[in-house]
Amino acid sequence: MNRADPKETCCHNDVMTPSLQAVAGLLADARSLSEVAREEASSFRSNYGHDIPLKHLSDRVAMYVHAYTLYSAVRPFGCSFILGSYDKDDGPQLYMVDPSGISHGYWGCSIGKAKQAAKTEIEKLQMKEMTCREVVKEVAKIIYIVHDEVKDKAFELELSWVGEVTNGRHELVPKDVREEAEKYAKDSLEEEDDSDEDNM
Amino acid sequence: MLEETGPEWLSEEVKTGTTIIAIEFNGGVVLGSDSRVSAGSSVVNRVMNKLSPLHDKIYCALSGSAADAQTIAEMVNYQLDVHSLEIDEDPQVRSAATLVRNISYKYKEELSAHLIVAGWDRKDKGQVFATLNGLLTRQPFAVGGSGSSYVYGFVDAEYRKGMNKEECQQFVVNTLSLAMNRDGSSGGVAYIVSIDEHGTEEKVILGNDLPTFFDQ
(Lines give C-alpha, C1' and ligand atoms only; values in the text may rest on other atoms or scores of the structure.)
Protein backbone atom coordinates (compact mmCIF):
# COMPACT_ATOMS: atom_id res chain seq x y z
CA MET A 1 0.00 0.00 0.00
CA ASN A 2 1.32 3.34 -0.83
CA ARG A 3 1.59 5.50 2.21
CA ALA A 4 0.58 9.13 2.34
CA ASP A 5 3.69 11.17 1.69
CA PRO A 6 3.09 14.79 2.60
CA LYS A 7 5.16 17.65 1.20
CA GLU A 8 4.64 21.35 1.04
CA THR A 9 3.60 22.50 -2.40
CA CYS A 10 4.97 25.98 -2.04
CA CYS A 11 8.48 26.95 -1.12
CA HIS A 12 9.15 27.92 2.49
CA ASN A 13 8.10 31.46 1.95
CA ASP A 14 6.08 33.20 4.62
CA VAL A 15 3.94 35.05 2.16
CA MET A 16 2.44 32.04 0.52
CA THR A 17 -0.36 30.06 2.11
CA PRO A 18 1.33 26.75 2.63
CA SER A 19 -0.85 24.01 1.36
CA LEU A 20 -0.57 20.40 2.16
CA GLN A 21 -0.06 17.95 -0.61
CA ALA A 22 -0.26 14.20 -0.56
CA VAL A 23 0.48 11.98 -3.54
CA ALA A 24 0.04 8.36 -4.48
CA GLY A 25 1.42 6.52 -7.49
CA LEU A 26 4.63 6.88 -9.43
CA LEU A 27 6.66 9.11 -7.14
CA ALA A 28 8.76 10.52 -9.96
CA ASP A 29 5.61 11.75 -11.69
CA ALA A 30 4.40 13.10 -8.38
CA ARG A 31 7.57 15.06 -7.80
CA SER A 32 7.36 16.56 -11.26
CA LEU A 33 3.74 17.56 -10.66
CA SER A 34 4.67 19.04 -7.29
CA GLU A 35 7.10 21.30 -9.02
CA VAL A 36 4.38 22.37 -11.47
CA ALA A 37 2.07 23.20 -8.59
CA ARG A 38 4.83 25.20 -6.90
CA GLU A 39 5.49 27.20 -10.03
CA GLU A 40 1.80 27.91 -10.53
CA ALA A 41 1.45 29.12 -6.96
CA SER A 42 4.60 31.16 -7.23
CA SER A 43 3.73 32.89 -10.49
CA PHE A 44 0.21 33.61 -9.26
CA ARG A 45 1.67 35.25 -6.17
CA SER A 46 4.04 37.25 -8.34
CA ASN A 47 1.33 38.44 -10.72
CA TYR A 48 -1.56 39.05 -8.37
CA GLY A 49 0.04 39.89 -5.06
CA HIS A 50 -1.78 37.36 -2.90
CA ASP A 51 -1.80 33.62 -2.30
CA ILE A 52 -3.44 31.46 -4.91
CA PRO A 53 -6.92 30.23 -3.96
CA LEU A 54 -6.73 26.47 -3.58
CA LYS A 55 -9.54 25.83 -6.03
CA HIS A 56 -7.69 27.75 -8.70
CA LEU A 57 -4.42 25.93 -8.03
CA SER A 58 -6.24 22.63 -8.21
CA ASP A 59 -7.86 23.63 -11.51
CA ARG A 60 -4.49 24.64 -12.98
CA VAL A 61 -2.80 21.40 -11.90
CA ALA A 62 -5.77 19.41 -13.24
CA MET A 63 -5.58 21.18 -16.61
CA TYR A 64 -1.88 20.38 -16.79
CA VAL A 65 -2.47 16.72 -15.98
CA HIS A 66 -5.32 16.60 -18.49
CA ALA A 67 -3.07 17.93 -21.25
CA TYR A 68 -0.92 14.82 -20.90
CA THR A 69 -3.95 12.69 -21.77
CA LEU A 70 -4.39 14.40 -25.12
CA TYR A 71 -1.23 13.59 -27.00
CA SER A 72 0.22 10.26 -28.05
CA ALA A 73 3.75 11.55 -27.59
CA VAL A 74 3.43 11.55 -23.82
CA ARG A 75 1.87 9.21 -21.27
CA PRO A 76 -0.55 10.40 -18.61
CA PHE A 77 0.74 11.14 -15.13
CA GLY A 78 0.77 8.00 -13.02
CA CYS A 79 -0.22 9.60 -9.78
CA SER A 80 -3.09 11.21 -7.91
CA PHE A 81 -2.69 14.40 -6.01
CA ILE A 82 -4.43 15.72 -2.91
CA LEU A 83 -4.18 19.40 -2.03
CA GLY A 84 -5.34 20.90 1.23
CA SER A 85 -5.14 24.29 2.82
CA TYR A 86 -6.55 26.44 5.60
CA ASP A 87 -7.42 30.10 5.36
CA LYS A 88 -9.12 32.16 8.01
CA ASP A 89 -11.60 33.57 5.50
CA ASP A 90 -12.37 30.52 3.39
CA GLY A 91 -11.78 27.89 6.07
CA PRO A 92 -10.35 24.46 5.35
CA GLN A 93 -10.31 23.26 1.74
CA LEU A 94 -9.48 19.89 0.22
CA TYR A 95 -9.07 19.12 -3.49
CA MET A 96 -7.99 16.03 -5.37
CA VAL A 97 -6.60 15.67 -8.91
CA ASP A 98 -6.54 12.27 -10.58
CA PRO A 99 -4.61 11.09 -13.67
CA SER A 100 -7.50 11.84 -15.99
CA GLY A 101 -7.28 15.49 -15.08
CA ILE A 102 -10.49 15.68 -13.06
CA SER A 103 -10.40 17.89 -10.01
CA HIS A 104 -13.02 18.03 -7.27
CA GLY A 105 -13.35 19.49 -3.81
CA TYR A 106 -13.92 17.05 -0.98
CA TRP A 107 -14.69 16.74 2.68
CA GLY A 108 -12.75 13.48 2.65
CA CYS A 109 -10.95 11.58 -0.07
CA SER A 110 -8.47 8.78 -0.51
CA ILE A 111 -5.95 7.81 -3.15
CA GLY A 112 -3.65 4.86 -3.64
CA LYS A 113 -3.88 1.11 -3.66
CA ALA A 114 -6.51 0.76 -0.95
CA LYS A 115 -8.52 3.83 -1.81
CA GLN A 116 -11.83 2.02 -2.14
CA ALA A 117 -11.55 0.45 1.27
CA ALA A 118 -10.46 3.76 2.75
CA LYS A 119 -13.37 5.51 1.04
CA THR A 120 -15.83 3.21 2.76
CA GLU A 121 -14.29 4.02 6.12
CA ILE A 122 -14.27 7.76 5.39
CA GLU A 123 -17.97 7.68 4.57
CA LYS A 124 -18.67 6.56 8.11
CA LEU A 125 -17.18 9.76 9.52
CA GLN A 126 -19.07 12.97 10.18
CA MET A 127 -16.23 15.35 9.37
CA LYS A 128 -18.22 18.54 9.69
CA GLU A 129 -18.73 17.92 13.38
CA MET A 130 -15.18 16.86 14.19
CA THR A 131 -12.13 18.86 15.18
CA CYS A 132 -8.71 18.50 13.57
CA ARG A 133 -7.37 16.48 16.49
CA GLU A 134 -10.24 14.03 16.36
CA VAL A 135 -9.85 13.56 12.63
CA VAL A 136 -6.12 12.87 12.97
CA LYS A 137 -6.95 9.84 15.10
CA GLU A 138 -9.57 8.62 12.65
CA VAL A 139 -7.18 9.02 9.73
CA ALA A 140 -4.51 6.95 11.49
CA LYS A 141 -7.11 4.30 12.26
CA ILE A 142 -8.18 4.10 8.62
CA ILE A 143 -4.60 3.70 7.41
CA TYR A 144 -4.13 0.83 9.82
CA ILE A 145 -7.46 -0.76 8.90
CA VAL A 146 -6.84 -0.83 5.16
CA HIS A 147 -3.31 -2.15 5.51
CA ASP A 148 -3.36 -5.79 4.47
CA GLU A 149 -0.99 -7.74 6.76
CA VAL A 150 -0.65 -10.57 4.29
CA LYS A 151 -0.23 -8.81 0.97
CA ASP A 152 1.38 -5.48 1.88
CA LYS A 153 4.84 -4.77 3.15
CA ALA A 154 5.41 -3.03 6.47
CA PHE A 155 4.56 0.65 6.38
CA GLU A 156 5.42 3.83 8.15
CA LEU A 157 2.64 6.21 9.02
CA GLU A 158 3.31 9.85 8.20
CA LEU A 159 0.88 12.47 9.42
CA SER A 160 0.78 16.15 8.71
CA TRP A 161 -1.86 18.78 9.04
CA VAL A 162 -2.78 22.34 8.20
CA GLY A 163 -5.50 24.27 9.94
CA GLU A 164 -6.46 26.69 12.64
CA VAL A 165 -4.46 24.51 15.03
CA THR A 166 -1.27 25.37 13.11
CA ASN A 167 -2.30 28.95 12.26
CA GLY A 168 -2.58 28.05 8.60
CA ARG A 169 0.92 26.61 8.29
CA HIS A 170 1.53 23.12 7.01
CA GLU A 171 3.35 21.13 9.70
CA LEU A 172 4.10 17.57 10.63
CA VAL A 173 1.76 16.45 13.37
CA PRO A 174 3.58 16.86 16.70
CA LYS A 175 4.95 13.74 18.35
CA ASP A 176 2.45 13.53 21.19
CA VAL A 177 -0.57 13.87 18.92
CA ARG A 178 0.86 11.32 16.53
CA GLU A 179 1.53 8.80 19.25
CA GLU A 180 -1.98 9.28 20.59
CA ALA A 181 -3.37 8.72 17.09
CA GLU A 182 -1.30 5.59 16.50
CA LYS A 183 -2.30 4.18 19.87
CA TYR A 184 -5.95 4.87 19.11
CA ALA A 185 -5.56 3.18 15.73
CA LYS A 186 -3.87 0.09 17.10
CA ASP A 187 -6.34 -0.21 19.97
CA SER A 188 -9.29 -0.03 17.58
CA LEU A 189 -7.82 -2.81 15.48
CA GLU A 190 -7.38 -5.03 18.51
CA GLU A 191 -10.98 -4.44 19.52
CA GLU A 192 -12.11 -5.64 16.13
CA ASP A 193 -9.88 -8.70 16.38
CA ASP A 194 -11.40 -9.46 19.79
CA SER A 195 -14.90 -9.14 18.47
CA ASP A 196 -14.06 -11.59 15.67
CA GLU A 197 -12.96 -14.21 18.22
CA ASP A 198 -16.26 -13.96 20.06
CA ASN A 199 -18.07 -15.28 17.06
CA MET A 200 -16.27 -18.58 17.31
CA MET B 1 12.59 82.07 -43.85
CA LEU B 2 11.67 80.47 -40.57
CA GLU B 3 10.26 76.95 -40.81
CA GLU B 4 6.66 76.44 -39.76
CA THR B 5 6.77 74.13 -36.77
CA GLY B 6 3.14 74.62 -35.90
CA PRO B 7 1.68 75.65 -32.57
CA GLU B 8 3.66 74.55 -29.52
CA TRP B 9 0.85 72.56 -28.00
CA LEU B 10 0.91 70.10 -30.89
CA SER B 11 4.43 69.04 -30.02
CA GLU B 12 4.12 69.08 -26.24
CA GLU B 13 3.40 65.85 -24.43
CA VAL B 14 -0.19 65.57 -23.27
CA LYS B 15 -0.24 65.28 -19.52
CA THR B 16 -3.06 64.87 -17.10
CA GLY B 17 -1.54 67.53 -14.82
CA THR B 18 -4.05 66.55 -12.23
CA THR B 19 -5.08 66.22 -8.72
CA ILE B 20 -6.20 62.77 -7.68
CA ILE B 21 -7.13 61.42 -4.29
CA ALA B 22 -8.42 58.15 -2.88
CA ILE B 23 -9.45 57.57 0.69
CA GLU B 24 -10.62 54.54 2.64
CA PHE B 25 -13.55 54.72 5.02
CA ASN B 26 -15.22 52.11 7.15
CA GLY B 27 -16.83 49.90 4.54
CA GLY B 28 -15.41 51.24 1.29
CA VAL B 29 -13.43 53.87 -0.57
CA VAL B 30 -13.99 57.25 -2.18
CA LEU B 31 -11.93 58.37 -5.18
CA GLY B 32 -11.80 61.88 -6.58
CA SER B 33 -10.15 63.66 -9.48
CA ASP B 34 -10.17 66.93 -11.37
CA SER B 35 -10.83 67.02 -15.12
CA ARG B 36 -8.07 69.04 -16.79
CA VAL B 37 -5.79 67.62 -19.47
CA SER B 38 -2.98 69.91 -20.51
CA ALA B 39 -0.37 69.98 -23.26
CA GLY B 40 2.14 72.49 -22.04
CA SER B 41 0.12 75.56 -21.19
CA SER B 42 -2.85 74.60 -23.32
CA VAL B 43 -5.88 72.82 -21.91
CA VAL B 44 -6.77 70.16 -24.46
CA ASN B 45 -9.64 68.61 -22.51
CA ARG B 46 -11.45 70.33 -19.65
CA VAL B 47 -13.89 67.55 -18.80
CA MET B 48 -11.88 64.35 -18.74
CA ASN B 49 -12.89 61.72 -16.21
CA LYS B 50 -9.66 60.45 -14.71
CA LEU B 51 -11.33 57.81 -12.58
CA SER B 52 -11.16 54.67 -14.67
CA PRO B 53 -12.88 51.38 -13.81
CA LEU B 54 -10.69 48.31 -13.55
CA HIS B 55 -13.53 46.12 -12.38
CA ASP B 56 -17.05 46.53 -10.93
CA LYS B 57 -15.76 47.51 -7.52
CA ILE B 58 -12.19 48.52 -8.30
CA TYR B 59 -11.29 51.88 -9.81
CA CYS B 60 -8.06 53.65 -10.49
CA ALA B 61 -7.17 57.33 -10.62
CA LEU B 62 -4.90 58.43 -13.47
CA SER B 63 -2.10 60.99 -13.39
CA GLY B 64 1.05 61.79 -15.32
CA SER B 65 1.16 61.15 -19.04
CA ALA B 66 -2.42 60.73 -20.28
CA ALA B 67 -1.57 58.08 -22.86
CA ASP B 68 0.56 56.00 -20.50
CA ALA B 69 -1.98 56.11 -17.70
CA GLN B 70 -4.93 55.24 -19.92
CA THR B 71 -3.06 52.37 -21.53
CA ILE B 72 -2.08 50.87 -18.20
CA ALA B 73 -5.66 51.15 -16.97
CA GLU B 74 -7.03 49.46 -20.08
CA MET B 75 -4.50 46.64 -19.94
CA VAL B 76 -5.23 45.95 -16.29
CA ASN B 77 -8.96 46.11 -16.95
CA TYR B 78 -8.54 43.36 -19.51
CA GLN B 79 -6.27 41.27 -17.30
CA LEU B 80 -8.70 41.51 -14.39
CA ASP B 81 -11.60 40.43 -16.59
CA VAL B 82 -9.74 37.25 -17.51
CA HIS B 83 -8.51 36.74 -13.95
CA SER B 84 -11.98 37.01 -12.44
CA LEU B 85 -13.27 34.41 -14.93
CA GLU B 86 -10.41 32.07 -14.05
CA ILE B 87 -10.86 32.25 -10.30
CA ASP B 88 -14.64 32.39 -10.67
CA GLU B 89 -15.12 35.26 -8.22
CA ASP B 90 -14.57 39.01 -7.95
CA PRO B 91 -10.89 39.94 -7.93
CA GLN B 92 -9.19 41.37 -4.88
CA VAL B 93 -8.14 45.02 -4.90
CA ARG B 94 -4.62 43.83 -4.13
CA SER B 95 -4.61 41.83 -7.38
CA ALA B 96 -5.56 44.90 -9.38
CA ALA B 97 -2.92 46.99 -7.66
CA THR B 98 -0.28 44.31 -8.19
CA LEU B 99 -1.09 44.10 -11.89
CA VAL B 100 -0.74 47.88 -12.21
CA ARG B 101 2.48 47.82 -10.23
CA ASN B 102 3.97 45.04 -12.34
CA ILE B 103 3.47 47.08 -15.51
CA SER B 104 4.65 50.33 -13.91
CA TYR B 105 7.77 48.71 -12.56
CA LYS B 106 8.70 46.69 -15.62
CA TYR B 107 8.41 49.70 -17.92
CA LYS B 108 9.47 52.24 -15.36
CA GLU B 109 12.02 53.87 -17.71
CA GLU B 110 9.58 54.28 -20.57
CA LEU B 111 6.39 55.21 -18.75
CA SER B 112 5.54 58.29 -16.81
CA ALA B 113 2.29 57.64 -15.02
CA HIS B 114 1.10 57.21 -11.47
CA LEU B 115 -2.09 55.31 -10.81
CA ILE B 116 -3.82 55.14 -7.47
CA VAL B 117 -5.85 51.92 -7.21
CA ALA B 118 -8.79 51.76 -4.82
CA GLY B 119 -11.79 49.53 -4.37
CA TRP B 120 -13.79 47.15 -2.25
CA ASP B 121 -13.50 43.39 -1.93
CA ARG B 122 -15.12 40.84 0.30
CA LYS B 123 -11.94 39.89 2.11
CA ASP B 124 -10.37 43.18 3.21
CA LYS B 125 -13.25 45.61 2.52
CA GLY B 126 -12.11 49.07 1.37
CA GLN B 127 -8.48 49.46 0.33
CA VAL B 128 -6.33 52.16 -1.27
CA PHE B 129 -3.02 51.34 -2.94
CA ALA B 130 -0.40 53.72 -4.29
CA THR B 131 1.71 52.46 -7.20
CA LEU B 132 4.06 55.40 -7.77
CA ASN B 133 7.15 54.46 -9.79
CA GLY B 134 6.50 50.76 -9.42
CA LEU B 135 6.12 50.48 -5.67
CA LEU B 136 3.05 48.98 -4.04
CA THR B 137 1.84 50.21 -0.73
CA ARG B 138 -1.51 50.17 1.01
CA GLN B 139 -2.42 53.45 2.68
CA PRO B 140 -5.47 54.86 4.46
CA PHE B 141 -5.51 57.60 1.83
CA ALA B 142 -3.37 58.65 -1.11
CA VAL B 143 -3.03 61.84 -3.16
CA GLY B 144 -1.29 62.21 -6.48
CA GLY B 145 -0.67 64.40 -9.46
CA SER B 146 0.82 67.86 -9.74
CA GLY B 147 -1.93 69.40 -7.60
CA SER B 148 -1.26 67.09 -4.70
CA SER B 149 1.78 69.09 -3.60
CA TYR B 150 -0.48 71.99 -2.68
CA VAL B 151 -2.75 69.96 -0.46
CA TYR B 152 -0.44 67.66 1.51
CA GLY B 153 -0.71 69.98 4.49
CA PHE B 154 -4.48 70.07 4.25
CA VAL B 155 -4.97 66.31 4.01
CA ASP B 156 -2.45 65.57 6.75
CA ALA B 157 -4.18 67.98 9.11
CA GLU B 158 -7.79 67.17 8.26
CA TYR B 159 -7.77 63.41 7.79
CA ARG B 160 -9.38 61.45 10.59
CA LYS B 161 -9.80 57.72 10.93
CA GLY B 162 -13.31 56.32 11.05
CA MET B 163 -15.05 58.81 8.76
CA ASN B 164 -18.25 57.67 7.17
CA LYS B 165 -19.01 57.82 3.46
CA GLU B 166 -20.52 61.31 3.40
CA GLU B 167 -17.70 62.81 5.45
CA CYS B 168 -15.19 61.18 3.12
CA GLN B 169 -16.92 62.56 0.06
CA GLN B 170 -16.87 66.04 1.56
CA PHE B 171 -13.21 65.68 2.46
CA VAL B 172 -12.38 64.64 -1.11
CA VAL B 173 -14.35 67.51 -2.61
CA ASN B 174 -12.68 70.03 -0.32
CA THR B 175 -9.22 68.70 -1.17
CA LEU B 176 -9.85 68.75 -4.90
CA SER B 177 -11.26 72.24 -4.75
CA LEU B 178 -8.24 73.62 -2.90
CA ALA B 179 -5.81 71.92 -5.27
CA MET B 180 -7.67 73.02 -8.36
CA ASN B 181 -7.54 76.60 -7.12
CA ARG B 182 -3.77 76.65 -6.76
CA ASP B 183 -2.44 74.23 -9.37
CA GLY B 184 -2.36 75.52 -12.92
CA SER B 185 -2.55 72.00 -14.31
CA SER B 186 -5.67 71.06 -12.37
CA GLY B 187 -9.14 72.41 -12.85
CA GLY B 188 -12.52 71.92 -14.47
CA VAL B 189 -15.05 69.78 -12.65
CA ALA B 190 -14.63 67.25 -9.86
CA TYR B 191 -15.41 63.59 -10.39
CA ILE B 192 -16.17 61.50 -7.33
CA VAL B 193 -16.57 57.71 -7.21
CA SER B 194 -17.74 55.96 -4.04
CA ILE B 195 -17.39 52.19 -3.77
CA ASP B 196 -18.77 50.02 -1.00
CA GLU B 197 -20.32 46.63 -0.44
CA HIS B 198 -23.59 47.73 -2.03
CA GLY B 199 -22.14 49.07 -5.26
CA THR B 200 -20.39 51.86 -7.07
CA GLU B 201 -21.67 55.43 -7.35
CA GLU B 202 -20.26 58.02 -9.78
CA LYS B 203 -20.85 61.73 -9.29
CA VAL B 204 -19.81 64.93 -11.02
CA ILE B 205 -19.57 68.23 -9.19
CA LEU B 206 -19.60 71.17 -11.56
CA GLY B 207 -17.34 74.19 -11.14
CA ASN B 208 -19.76 76.53 -9.47
CA ASP B 209 -20.93 73.86 -7.03
CA LEU B 210 -17.46 73.29 -5.66
CA PRO B 211 -16.81 74.57 -2.14
CA THR B 212 -15.18 77.98 -1.95
CA PHE B 213 -12.48 79.08 0.44
CA PHE B 214 -11.19 82.36 1.73
CA ASP B 215 -10.01 83.88 -1.52
CA GLN B 216 -13.14 83.25 -3.59
Side-chain angles (χ1 to χ4, degrees), chain A residues 9-11 13-19 36-67 81 83-97 101-106 162-164 167-169, chain B residues 27 54-58 60 72-73 75-108 115-139 142 197:
Chain A
T9 53
C10 305
C11 56
N13 185 341
D14 281 339
V15 295
M16 290 202 226
T17 305
S19 41
V36 168
R38 278 190 194 104
E39 281 165 5
E40 283 290 341
S42 178
S43 76
F44 185 97
R45 177 73 179 78
S46 189
N47 288 333
Y48 300 105
H50 65 92
D51 299 327
I52 188 169
L54 196 68
K55 178 172 194 307
H56 188 58
L57 176 60
S58 181
D59 284 345
R60 300 286 299 188
V61 171
M63 274 199 279
Y64 189 88
V65 167
H66 175 250
F81 215 64
L83 290 160
S85 76
Y86 178 82
D87 183 80
K88 66 171 168 58
D89 295 309
D90 302 319
Q93 313 231 326
L94 184 66
Y95 284 86
M96 199 244 303
V97 181
I102 293 180
S103 153
H104 286 302
Y106 292 85
V162 60
E164 202 176 351
N167 275 326
R169 288 210 64 87
Chain B
L54 297 179
H55 200 75
D56 297 339
K57 293 213 172 106
I58 308 174
C60 70
I72 297 174
M75 280 170 69
V76 173
N77 185 349
Y78 165 75
Q79 288 171 354
L80 276 181
D81 271 349
V82 174
H83 177 60
S84 72
L85 284 172
E86 284 180 336
I87 59 173
D88 201 21
E89 58 179 2
D90 282 340
Q92 293 188 19
V93 183
R94 184 173 284 272
S95 303
T98 306
L99 286 170
V100 170
R101 184 276 304 268
N102 288 345
I103 300 172
S104 304
Y105 182 71
K106 190 168 180 189
Y107 300 103
K108 156 189 217 344
L115 275 68
I116 297 178
V117 178
W120 183 94
D121 64 44
R122 189 176 50 98
K123 210 164 172 191
D124 283 321
K125 315 298 175 206
Q127 297 148 76
V128 171
F129 289 89
T131 67
L132 181 64
N133 281 336
L135 70 70
L136 178 64
T137 172
R138 183 177 171 191
Q139 298 176 185
E197 171 181 17

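In what follows, every chain begins at residue 1, and chains take the letters A, B, ... in the order their sequences are listed. Since we're looking at a predicted model, the values are computed, not measured.
- The parts of Asn47(A) that come within reach of chain B are both its backbone and its side chain, each placing non-hydrogen atoms under 4.5 angstrom from that chain.
- Of all heavy-atom pairs between Pro53(A) and Ile87(B), the closest is CG-CG2, 4.4 Å.
- Proximity of Lys123(B) to Asp87(A): side-chain heavy atoms (C-beta onward) are separated by under 4.5 Å at one or more points.
- To the nearest 0.5 Å, atom CD of residue Glu86(B) and atom CG of residue Asp59(A) are 9.5 Å apart.
- Note: His56(A) NE2 to Glu89(B) CD = 10.5 Å, rounded to the nearest 0.5 Å.
- When all heavy atoms are compared, the tightest approach of Thr98(B) to Tyr48(A) is OG1-O, 3.4 Å.
- Atom OH of Tyr78(B) has 12 or fewer neighbouring heavy atoms from other residues, nucleotides or ligands inside a 6.0 Å radius.
- Put simply, CD on Gln92(B) and NE2 on His50(A) are 4.0 Å apart, with the number rounded to the nearest 0.5 Å.
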